[in-house]
Amino acid sequence: MTNQYPVPSNDSAIAALRWALVFIFLFFGIAKFAQYEAEGVAQIARNYPLFAWMYPLFGVRGASNVIGTIELATGAALAIGAFSPRISLIGGLMGMCTFLITLSFTLGVTLWEKGYGFPFMGSIAQFLFKDAGLLAGCYAIAIFSARKAGLAQD
């Protein structure tokens with residue numbers, strides 16, 4: 001029996017994923033330039049070894065601006081990657097690094113806030129756990145792009 005309904009292509013699925021990630025990196029990156037977001041990020045990042053050095057050097061706003069610039073560059077690479085598989089691969093890898101770093105924050109913060117208890121997540125856990133799905137999305141983009149660029153085989 002043949003399928004009577006058209007099935008979208010893998011390319012269209014990757015395009016939907018790409019533009020969703022561009023949207024996320026764009027708006028999260030822009031938010032890093034706002035005071036409220038800079039202070040929120042500082043609560044987690046200020047004491048984290050990968051970022052702690054930035055706070056004495058640049059201050060809360062400056063450190064957040066650096067992070068926001070990286071997020072905007074990642075979003076731009078993903079967007080340009082719609083036309084260039086190699087740039088898309090770079091954007092996918094940048095996104096993977098971003099989400100691996102943010103997920104590593106789970107090793108040093110309280111995930112189950114007082115009054116909630118497992119399995120009810122507090123705000124920090126909610127903020128961080130979504131990045132597992134975003135990491136998987138960037139991984140899919142990177143693999144797809146490496147194949148499109150002829151750098152990997154099926």
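Source: prediction; values computed, not measured.
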Checklist line | Residue pair W53 / P56: nearest heavy atoms and the distance that separates them | finding: O-CD, 3.4 Å

Next item on the list: Check for a donor-acceptor pair, side chain of E37 on one end and backbone N or O of K32 on the other, with a separation under 3.5 Å.
Entry: no

Item checked: ILVMFWY cluster, F144 and V22 together (side-chain gap under 4.5 Å) -> yes

Next item on the list: May I ask you to test the T69-L72 pair for a side-chain heavy-atom distance under 4.5 Å?
Entry: no

Next item on the list: Check whether L135 and L93 end up in the same hydrophobic cluster, where Ile, Leu, Val, Met, Phe, Trp and Tyr are linked by side-chain heavy atoms less than 4.5 Å apart.
Entry: yes

Checklist line | Same cluster (ILVMFWY, side-chain, under 4.5 Å), L57 and V60 | finding: yes

Margin query: We want to know whether R18 and S88 form a side-chain donor-acceptor pair, criterion being a heavy-atom distance below 3.5 angstrom.
Written below: yes

Checklist line | Nearest non-hydrogen partners of S12 and S9, listed with the distance | finding: OG-O, 2.8 Å

Note to self: Starting from L107, can I reach L50 by hopping between I/L/V/M/F/W/Y residues whose side chains sit under 4.5 Å apart?
What the structure shows: no

Item checked: Heavy-atom side-chain contact between I24 and E71 under 4.5 Å -> no

Margin query: I want to check something: taking the side chain as every heavy atom from C-beta on, are V41 and R46 in contact at a cut-off of under 4.5 Å?
Written below: no

Check: Looking only at atom types and distance, does a side-chain atom of T74 sit under 3.5 Å from a main-chain N or O of I70, one as donor and one as acceptor?
Finding: yes

Note to self: To the nearest 0.5 Å, what is the distance between CD1 on I67 and OG1 on T98?
What the structure shows: 10.0 Å

Next item on the list: Could you tell me whether F129 atom CZ has more than 12 heavy atoms of other residues or ligands within 6.0 Å of it?
Entry: yes

Check: Do you know which two heavy atoms are closest between G95 and C138, and how far apart they sit?
Finding: CA-SG, 3.6 Å

Margin query: Working note: S104 + Y48, criterion side-chain contact (heavy atoms from CB on, under 4.5 Å); need CA distance, chi angles, decisive distance, verdict.
Written below: CA-CA 10 Å; S104 73; Y48 191 70; 2.3 Å; yes

Notebook entry, point to check: What distance separates N65 CG from F58 CZ, expressed to the nearest 0.5 Å?
Noted result: 10.0 Å

Notebook entry, point to check: Counting only heavy atoms not in Y139, do more than 12 fall under 6.0 Å of its OH?
Noted result: no

Notebook entry, point to check: Any idea which heavy atoms bring A77 and G91 closest together, and the distance?
Noted result: CB-CA, 3.6 Å

Item checked: Ring centre gap for F51 and Y55 strictly below 6.0 Å -> no

Next item on the list: Verify whether the ring centers belonging to F99 and F105 lie closer than 6.0 Å.
Entry: no

Next item on the list: Taking all heavy atoms of A31 and all of Y36, pick out the closest pair and write down the distance.
Entry: CB-OH, 3.8 Å

Check: Would a distance-only check, ignoring hydrogens and angles, find a side-chain to backbone donor-acceptor pair under 3.5 Å from R61 to F33?
Finding: yes

Item checked: Worked verdict on Q35 versus E39 for side-chain hydrogen bond (donor to acceptor under 3.5 Å, both in side chains) -> CA-CA 6 Å; Q35 186 66 35; E39 291 170 4; 2.7 Å; yes

Margin query: Quick check on D11: does its CG atom have over 12 non-hydrogen neighbours (other residues, nucleotides or ligands) under 6.0 Å away?
Written below: yes

Check: To the nearest 0.5 Å, how far apart are CG in L103 and NZ in K130?
Finding: 8.5 Å

Notebook entry, point to check: How far does CG of L78 sit from CG of L21, to the nearest 0.5 angstrom?
Noted result: 6.0 Å

Next item on the list: Could you tell me whether a side-chain N or O of S145 sits under 3.5 Å from a main-chain N or O of I141, the two making a donor and an acceptor?
Entry: yes

Check: When clusters are formed by joining ILVMFWY residues with side-chain heavy atoms under 4.5 Å apart, either directly or through shared neighbours, do I90 and I14 land in the same one?
Finding: no

Notebook entry, point to check: From T102 OG1 over to I44 CD1, what is the distance, rounded to the nearest 0.5 angstrom?
Noted result: 9.0 Å

Next item on the list: Mind checking the CG-CZ spacing from L134 to F25? Nearest 0.5 Å is all I need.
Entry: 7.5 Å

